[in-house]
Amino acid sequence: MTVSSAPGKVYLFGEHAVVYGEPAVPCAIERRATVTAKARDDDRLRVQTQDLTLDGFSVEYGDGVLNADVDVPRPLVEAAVGYVDGAIDQVRDVADENVGFTITIESDIPLGAGLGSSAAVVVAAIDAATREIGIELSPTEIADRAYRVEYDVQDGQASRADTFCSAMGGAVRVEGDDCRPIENASRLPFVIGYDGGTGDTGALVSGVRSLREEYDFAADTVRTVGDIVRVGERALAEGDIHKIGQLMDFNHGLLSALGVSSRSLDAMVWAARDADALGAKLTGAGGGGCIVALDESPSTATALSYTPGCEEAFRAELDRDGVRVEA
Ligand code: PMV
(Lines give C-alpha, C1' and ligand atoms only; values in the text may rest on other atoms or scores of the structure.)
Protein backbone atom coordinates (compact mmCIF):
# COMPACT_ATOMS: atom_id res chain seq x y z
CA MET A 1 0.00 0.00 0.00
CA THR A 2 1.39 3.42 -0.95
CA VAL A 3 0.05 6.83 0.06
CA SER A 4 0.92 10.03 -1.81
CA SER A 5 -0.47 13.54 -1.55
CA ALA A 6 -0.47 16.59 -3.80
CA PRO A 7 -1.58 20.18 -3.18
CA GLY A 8 -4.41 22.22 -4.65
CA LYS A 9 -3.68 25.68 -6.02
CA VAL A 10 -4.95 29.21 -6.46
CA TYR A 11 -4.28 31.41 -9.44
CA LEU A 12 -2.37 34.42 -8.11
CA PHE A 13 -2.70 35.86 -11.63
CA GLY A 14 -3.55 34.92 -15.18
CA GLU A 15 -6.41 32.38 -15.50
CA HIS A 16 -8.30 32.48 -18.81
CA ALA A 17 -5.58 34.61 -20.44
CA VAL A 18 -3.26 31.57 -20.11
CA VAL A 19 -5.49 29.78 -22.63
CA TYR A 20 -4.35 32.33 -25.28
CA GLY A 21 -0.63 32.03 -24.59
CA GLU A 22 -0.30 34.71 -21.91
CA PRO A 23 1.69 33.74 -18.79
CA ALA A 24 -0.03 32.76 -15.53
CA VAL A 25 1.16 32.31 -11.95
CA PRO A 26 -0.60 29.53 -10.02
CA CYS A 27 0.47 28.89 -6.42
CA ALA A 28 0.17 25.65 -4.47
CA ILE A 29 -1.81 25.91 -1.23
CA GLU A 30 -1.79 23.95 2.01
CA ARG A 31 -4.85 21.90 1.09
CA ARG A 32 -4.13 18.43 -0.26
CA ALA A 33 -5.59 15.43 -1.98
CA THR A 34 -4.29 12.19 -0.52
CA VAL A 35 -4.43 9.02 -2.59
CA THR A 36 -3.80 5.46 -1.37
CA ALA A 37 -2.92 2.89 -4.02
CA LYS A 38 -2.98 -0.84 -3.33
CA ALA A 39 -1.99 -3.24 -6.08
CA ARG A 40 -4.59 -5.96 -6.81
CA ASP A 41 -4.24 -9.54 -7.93
CA ASP A 42 -6.50 -8.84 -10.92
CA ASP A 43 -6.43 -6.05 -13.51
CA ARG A 44 -9.43 -4.15 -12.15
CA LEU A 45 -9.62 -0.62 -10.81
CA ARG A 46 -11.65 0.08 -7.71
CA VAL A 47 -12.07 3.69 -6.62
CA GLN A 48 -13.26 4.83 -3.21
CA THR A 49 -13.49 8.39 -2.03
CA GLN A 50 -14.77 10.51 0.78
CA ASP A 51 -14.42 14.23 0.51
CA LEU A 52 -16.13 17.45 1.22
CA THR A 53 -18.36 17.41 -1.83
CA LEU A 54 -18.82 13.77 -2.67
CA ASP A 55 -20.19 12.14 0.44
CA GLY A 56 -18.38 8.90 -0.12
CA PHE A 57 -18.76 6.46 -2.94
CA SER A 58 -17.44 3.17 -4.07
CA VAL A 59 -17.39 2.03 -7.65
CA GLU A 60 -16.18 -0.92 -9.62
CA TYR A 61 -14.89 0.30 -12.93
CA GLY A 62 -12.98 -2.22 -14.95
CA ASP A 63 -15.46 -3.81 -17.27
CA GLY A 64 -16.85 -0.55 -18.68
CA VAL A 65 -19.76 -0.64 -16.23
CA LEU A 66 -20.08 2.05 -13.61
CA ASN A 67 -22.05 1.03 -10.52
CA ALA A 68 -21.99 3.79 -7.95
CA ASP A 69 -23.66 3.25 -4.60
CA VAL A 70 -24.02 6.97 -4.11
CA ASP A 71 -26.46 9.74 -3.73
CA VAL A 72 -24.48 12.44 -5.54
CA PRO A 73 -24.95 13.76 -9.09
CA ARG A 74 -23.84 11.07 -11.52
CA PRO A 75 -21.76 13.48 -13.68
CA LEU A 76 -19.66 14.32 -10.63
CA VAL A 77 -19.02 10.64 -9.94
CA GLU A 78 -18.21 9.97 -13.57
CA ALA A 79 -15.83 12.93 -13.71
CA ALA A 80 -14.06 11.84 -10.52
CA VAL A 81 -13.77 8.29 -11.82
CA GLY A 82 -12.69 9.56 -15.25
CA TYR A 83 -9.71 11.38 -13.72
CA VAL A 84 -8.60 8.35 -11.70
CA ASP A 85 -9.18 6.04 -14.65
CA GLY A 86 -6.99 8.33 -16.80
CA ALA A 87 -4.29 8.43 -14.11
CA ILE A 88 -4.20 4.61 -13.94
CA ASP A 89 -4.01 4.43 -17.75
CA GLN A 90 -0.83 6.52 -17.47
CA VAL A 91 0.53 4.16 -14.82
CA ARG A 92 -0.21 1.16 -17.07
CA ASP A 93 1.56 2.96 -19.90
CA VAL A 94 4.68 3.43 -17.70
CA ALA A 95 4.52 -0.15 -16.38
CA ASP A 96 3.73 -1.58 -19.82
CA GLU A 97 1.23 -3.99 -18.27
CA ASN A 98 -2.41 -3.97 -17.23
CA VAL A 99 -1.93 -3.61 -13.47
CA GLY A 100 -5.01 -3.38 -11.20
CA PHE A 101 -5.39 -1.12 -8.16
CA THR A 102 -7.71 -0.22 -5.35
CA ILE A 103 -7.52 3.55 -5.11
CA THR A 104 -8.78 5.50 -2.10
CA ILE A 105 -9.07 9.27 -2.31
CA GLU A 106 -9.31 11.72 0.57
CA SER A 107 -9.30 15.41 -0.20
CA ASP A 108 -9.79 18.65 1.68
CA ILE A 109 -9.86 20.64 -1.57
CA PRO A 110 -13.38 21.78 -2.60
CA LEU A 111 -14.31 20.05 -5.86
CA GLY A 112 -14.56 22.00 -9.13
CA ALA A 113 -14.20 25.34 -7.37
CA GLY A 114 -11.02 26.79 -8.91
CA LEU A 115 -8.59 25.14 -6.47
CA GLY A 116 -7.25 22.44 -8.76
CA SER A 117 -8.87 19.49 -6.97
CA SER A 118 -8.87 17.18 -9.98
CA ALA A 119 -5.23 17.92 -10.83
CA ALA A 120 -4.19 17.17 -7.24
CA VAL A 121 -6.02 13.82 -7.33
CA VAL A 122 -4.50 12.85 -10.69
CA VAL A 123 -0.96 13.86 -9.65
CA ALA A 124 -1.19 12.03 -6.30
CA ALA A 125 -2.76 8.95 -7.95
CA ILE A 126 0.00 8.66 -10.57
CA ASP A 127 2.67 9.01 -7.87
CA ALA A 128 1.08 6.53 -5.43
CA ALA A 129 0.28 3.87 -8.05
CA THR A 130 3.68 4.00 -9.76
CA ARG A 131 5.51 3.79 -6.42
CA GLU A 132 3.24 0.90 -5.42
CA ILE A 133 4.67 -1.12 -8.31
CA GLY A 134 8.25 0.00 -7.66
CA ILE A 135 8.58 2.82 -10.19
CA GLU A 136 9.59 6.35 -9.17
CA LEU A 137 8.76 9.14 -11.62
CA SER A 138 10.15 12.67 -11.40
CA PRO A 139 7.69 15.47 -10.50
CA THR A 140 8.01 16.90 -14.04
CA GLU A 141 7.14 13.55 -15.61
CA ILE A 142 4.17 13.20 -13.25
CA ALA A 143 3.10 16.75 -14.21
CA ASP A 144 3.31 15.90 -17.90
CA ARG A 145 1.34 12.66 -17.59
CA ALA A 146 -1.26 14.32 -15.32
CA TYR A 147 -1.68 17.07 -17.91
CA ARG A 148 -2.48 14.46 -20.58
CA VAL A 149 -5.21 13.07 -18.31
CA GLU A 150 -6.76 16.50 -17.70
CA TYR A 151 -6.52 17.33 -21.39
CA ASP A 152 -8.44 14.16 -22.33
CA VAL A 153 -11.08 14.37 -19.60
CA GLN A 154 -11.68 18.08 -20.31
CA ASP A 155 -11.88 17.60 -24.11
CA GLY A 156 -8.70 19.52 -24.88
CA GLN A 157 -9.60 22.57 -22.75
CA ALA A 158 -6.86 22.39 -20.12
CA SER A 159 -3.72 24.41 -19.60
CA ARG A 160 -0.69 22.89 -17.87
CA ALA A 161 -1.13 25.25 -14.90
CA ASP A 162 -2.96 23.05 -12.38
CA THR A 163 -1.07 19.82 -12.95
CA PHE A 164 2.40 21.44 -13.08
CA CYS A 165 1.72 23.49 -9.94
CA SER A 166 0.37 20.51 -8.01
CA ALA A 167 3.33 18.29 -8.95
CA MET A 168 6.00 20.92 -8.23
CA GLY A 169 4.49 22.91 -5.33
CA GLY A 170 5.32 26.55 -4.58
CA ALA A 171 4.65 29.34 -7.05
CA VAL A 172 5.10 28.48 -10.72
CA ARG A 173 5.00 30.26 -14.06
CA VAL A 174 3.17 28.74 -17.00
CA GLU A 175 3.26 30.13 -20.53
CA GLY A 176 2.01 27.67 -23.14
CA ASP A 177 4.13 24.52 -22.80
CA ASP A 178 6.85 26.42 -20.93
CA CYS A 179 6.40 25.67 -17.22
CA ARG A 180 8.89 26.56 -14.53
CA PRO A 181 9.06 26.98 -10.75
CA ILE A 182 9.47 30.54 -9.43
CA GLU A 183 12.40 30.38 -7.04
CA ASN A 184 12.41 32.59 -3.92
CA ALA A 185 8.73 33.52 -4.11
CA SER A 186 7.77 35.59 -1.09
CA ARG A 187 5.50 34.30 1.69
CA LEU A 188 1.87 34.48 0.60
CA PRO A 189 -0.74 34.48 3.38
CA PHE A 190 -3.79 33.42 1.39
CA VAL A 191 -7.36 33.52 2.60
CA ILE A 192 -9.87 31.58 0.56
CA GLY A 193 -13.62 32.12 0.37
CA TYR A 194 -15.80 29.35 -1.08
CA ASP A 195 -19.43 29.89 -2.12
CA GLY A 196 -20.19 26.17 -2.10
CA GLY A 197 -20.74 26.14 -5.86
CA THR A 198 -18.85 25.29 -9.03
CA GLY A 199 -18.35 26.98 -12.37
CA ASP A 200 -18.72 25.24 -15.72
CA THR A 201 -15.13 25.59 -16.95
CA GLY A 202 -15.91 24.56 -20.55
CA ALA A 203 -18.75 27.06 -20.89
CA LEU A 204 -16.76 29.86 -19.24
CA VAL A 205 -13.71 29.27 -21.46
CA SER A 206 -15.97 29.23 -24.55
CA GLY A 207 -17.67 32.44 -23.38
CA VAL A 208 -14.34 34.28 -23.14
CA ARG A 209 -13.32 32.88 -26.54
CA SER A 210 -16.48 34.24 -28.21
CA LEU A 211 -16.14 37.61 -26.51
CA ARG A 212 -12.52 37.85 -27.62
CA GLU A 213 -13.49 37.07 -31.22
CA GLU A 214 -16.33 39.58 -31.25
CA TYR A 215 -14.86 42.54 -29.36
CA ASP A 216 -11.44 44.18 -29.55
CA PHE A 217 -11.82 45.24 -25.92
CA ALA A 218 -11.91 41.59 -24.86
CA ALA A 219 -8.76 40.71 -26.83
CA ASP A 220 -7.10 43.80 -25.28
CA THR A 221 -8.29 42.71 -21.83
CA VAL A 222 -6.71 39.28 -22.26
CA ARG A 223 -3.40 40.95 -23.26
CA THR A 224 -3.67 43.31 -20.28
CA VAL A 225 -4.04 40.33 -17.94
CA GLY A 226 -0.72 39.14 -19.42
CA ASP A 227 0.83 42.54 -18.57
CA ILE A 228 -0.41 42.23 -14.99
CA VAL A 229 1.17 38.79 -14.70
CA ARG A 230 4.55 40.13 -15.89
CA VAL A 231 4.46 42.98 -13.36
CA GLY A 232 3.20 40.56 -10.70
CA GLU A 233 6.12 38.21 -11.22
CA ARG A 234 8.54 41.03 -10.41
CA ALA A 235 6.54 41.98 -7.31
CA LEU A 236 6.64 38.33 -6.22
CA ALA A 237 10.43 38.16 -6.63
CA GLU A 238 10.83 41.44 -4.70
CA GLY A 239 8.45 40.29 -1.94
CA ASP A 240 6.29 43.40 -2.50
CA ILE A 241 3.12 41.98 -1.03
CA HIS A 242 1.21 45.29 -1.23
CA LYS A 243 1.79 45.49 -4.96
CA ILE A 244 0.82 41.83 -5.38
CA GLY A 245 -2.49 42.62 -3.64
CA GLN A 246 -3.12 45.65 -5.85
CA LEU A 247 -2.44 43.60 -8.98
CA MET A 248 -4.84 40.90 -7.76
CA ASP A 249 -7.54 43.58 -7.55
CA PHE A 250 -6.76 44.71 -11.12
CA ASN A 251 -6.83 41.10 -12.33
CA HIS A 252 -10.26 40.52 -10.76
CA GLY A 253 -11.64 43.64 -12.45
CA LEU A 254 -10.44 42.38 -15.84
CA LEU A 255 -11.92 38.91 -15.23
CA SER A 256 -15.24 40.60 -14.38
CA ALA A 257 -15.04 42.52 -17.66
CA LEU A 258 -14.63 39.16 -19.42
CA GLY A 259 -17.87 38.00 -17.79
CA VAL A 260 -16.52 35.20 -15.60
CA SER A 261 -17.26 36.57 -12.13
CA SER A 262 -20.56 36.07 -10.31
CA ARG A 263 -22.60 37.79 -7.62
CA SER A 264 -21.25 35.54 -4.84
CA LEU A 265 -17.64 35.81 -6.04
CA ASP A 266 -17.95 39.62 -6.22
CA ALA A 267 -19.58 39.72 -2.76
CA MET A 268 -16.69 37.73 -1.28
CA VAL A 269 -14.08 39.86 -3.10
CA TRP A 270 -15.64 43.05 -1.71
CA ALA A 271 -16.01 41.59 1.79
CA ALA A 272 -12.30 40.75 1.75
CA ARG A 273 -11.37 44.24 0.56
CA ASP A 274 -13.63 45.84 3.21
CA ALA A 275 -11.81 43.75 5.81
CA ASP A 276 -8.54 45.37 4.65
CA ALA A 277 -7.20 42.44 2.68
CA LEU A 278 -4.28 43.56 0.52
CA GLY A 279 -6.12 42.35 -2.58
CA ALA A 280 -8.71 39.80 -3.70
CA LYS A 281 -9.76 38.04 -6.88
CA LEU A 282 -11.64 35.01 -8.11
CA THR A 283 -9.48 31.95 -8.76
CA GLY A 284 -9.86 29.50 -11.63
CA ALA A 285 -12.56 29.45 -14.25
CA GLY A 286 -15.02 31.58 -12.22
CA GLY A 287 -18.80 31.49 -12.44
CA GLY A 288 -18.86 30.25 -8.82
CA GLY A 289 -16.45 28.52 -6.48
CA CYS A 290 -13.60 30.33 -4.76
CA ILE A 291 -11.95 33.69 -4.33
CA VAL A 292 -8.44 34.21 -3.01
CA ALA A 293 -7.44 37.18 -0.88
CA LEU A 294 -4.12 38.16 0.62
CA ASP A 295 -4.11 39.05 4.32
CA GLU A 296 -1.69 38.68 7.23
CA SER A 297 -4.41 39.19 9.86
CA PRO A 298 -7.36 36.92 10.70
CA SER A 299 -9.86 39.69 9.88
CA THR A 300 -10.48 38.67 6.25
CA ALA A 301 -11.35 35.05 7.05
CA THR A 302 -13.69 36.24 9.83
CA ALA A 303 -15.36 38.81 7.56
CA LEU A 304 -15.80 36.24 4.81
CA SER A 305 -17.39 33.74 7.18
CA TYR A 306 -20.16 36.31 7.88
CA THR A 307 -20.64 37.19 4.19
CA PRO A 308 -23.92 35.99 2.66
CA GLY A 309 -23.06 33.58 -0.13
CA CYS A 310 -19.81 32.42 1.51
CA GLU A 311 -20.09 28.83 2.69
CA GLU A 312 -16.58 28.36 3.97
CA ALA A 313 -13.56 30.62 4.59
CA PHE A 314 -10.11 29.39 5.48
CA ARG A 315 -6.48 30.44 5.56
CA ALA A 316 -3.93 28.52 3.49
CA GLU A 317 -0.29 29.52 3.10
CA LEU A 318 1.68 28.93 -0.08
CA ASP A 319 2.70 25.24 0.06
CA ARG A 320 6.29 24.77 -1.05
CA ASP A 321 5.87 20.98 -1.25
CA GLY A 322 4.48 19.47 -4.44
CA VAL A 323 3.62 15.80 -4.76
CA ARG A 324 5.08 13.72 -1.95
CA VAL A 325 4.92 10.21 -0.61
CA GLU A 326 3.26 9.96 2.80
CA ALA A 327 3.58 6.24 3.60
O1 PMV B 1 -11.12 26.31 -12.49
P2 PMV B 1 -9.78 25.69 -12.77
O3 PMV B 1 -8.93 25.59 -11.55
O4 PMV B 1 -9.89 24.41 -13.52
O5 PMV B 1 -9.01 26.71 -13.72
C6 PMV B 1 -9.41 27.00 -15.05
C7 PMV B 1 -8.44 27.98 -15.59
C8 PMV B 1 -8.64 28.39 -17.04
O9 PMV B 1 -7.57 29.28 -17.34
C10 PMV B 1 -9.95 29.13 -17.23
C11 PMV B 1 -8.58 27.19 -17.98
C12 PMV B 1 -7.23 26.51 -18.00
O13 PMV B 1 -7.20 25.30 -18.29
O14 PMV B 1 -6.20 27.16 -17.77
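Both ligands and their constituent atoms are indexed starting at 1 by order of listing. Residue numbers run from 1 in the order of the sequence given.
- Under the 4.0 Å criterion applied to side-chain N and carboxylate O atoms, Glu317 and Arg31 are not assigned as salt-bridge partners.
- Every protein residue with a heavy atom nearer than 4.0 Å to ligand 1 is included here: Lys9, Tyr11, Glu15, His16, Val18, Val19, Gly114, Gln157, Ala158, Ser159, Asp162, Val205, Gly284, Ala285.
- Residues satisfying the ring pair (Phe, Tyr, Trp, His ring centres under 6.0 Å) test with Tyr147, not counting sequence neighbours, are Tyr151.
- Residues Phe101 and Val94 fall within the same hydrophobic cluster, defined by Ile, Leu, Val, Met, Phe, Trp and Tyr side chains chained together at heavy-atom separations under 4.5 Å.
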Output side-chain donor-acceptor pairs under 3.5 Å for residues 130-144, partner residues at least two apart or in another chain, one line each.
residue: Thr130; atom: OG1; partner: Ile126; partner atom: O; Å: 2.6
residue: Thr130; atom: OG1; partner: Asp127; partner atom: O; Å: 3.1
residue: Arg131; atom: NE; partner: Asp127; partner atom: OD1; Å: 3.2
residue: Arg131; atom: NE; partner: Asp127; partner atom: OD2; Å: 3.0
residue: Glu132; atom: OE1; partner: Met1; partner atom: N; Å: 3.2
residue: Glu132; atom: OE1; partner: Thr2; partner atom: N; Å: 3.2
residue: Glu132; atom: OE1; partner: Thr2; partner atom: OG1; Å: 2.7
residue: Glu132; atom: OE2; partner: Met1; partner atom: N; Å: 3.4
residue: Glu132; atom: OE2; partner: Ala39; partner atom: N; Å: 2.9
residue: Ser138; atom: OG; partner: Thr140; partner atom: OG1; Å: 3.2
residue: Ser138; atom: OG; partner: Glu141; partner atom: N; Å: 3.2
residue: Glu141; atom: OE2; partner: Arg145; partner atom: NE; Å: 3.0
residue: Asp144; atom: OD1; partner: Arg160; partner atom: NH1; Å: 2.9
residue: Asp144; atom: OD2; partner: Arg148; partner atom: NH2; Å: 3.0

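- A side chain to side chain contact (heavy atoms under 4.5 Å, CB included) with Asp195 is found for one member of Glu311, Met268, Glu312 and no other, namely Met268.
- Take Ser297 and apply the side chain to side chain contact (heavy atoms under 4.5 Å, CB included) test, not counting sequence neighbours, and it matches Asp295, Ser299.
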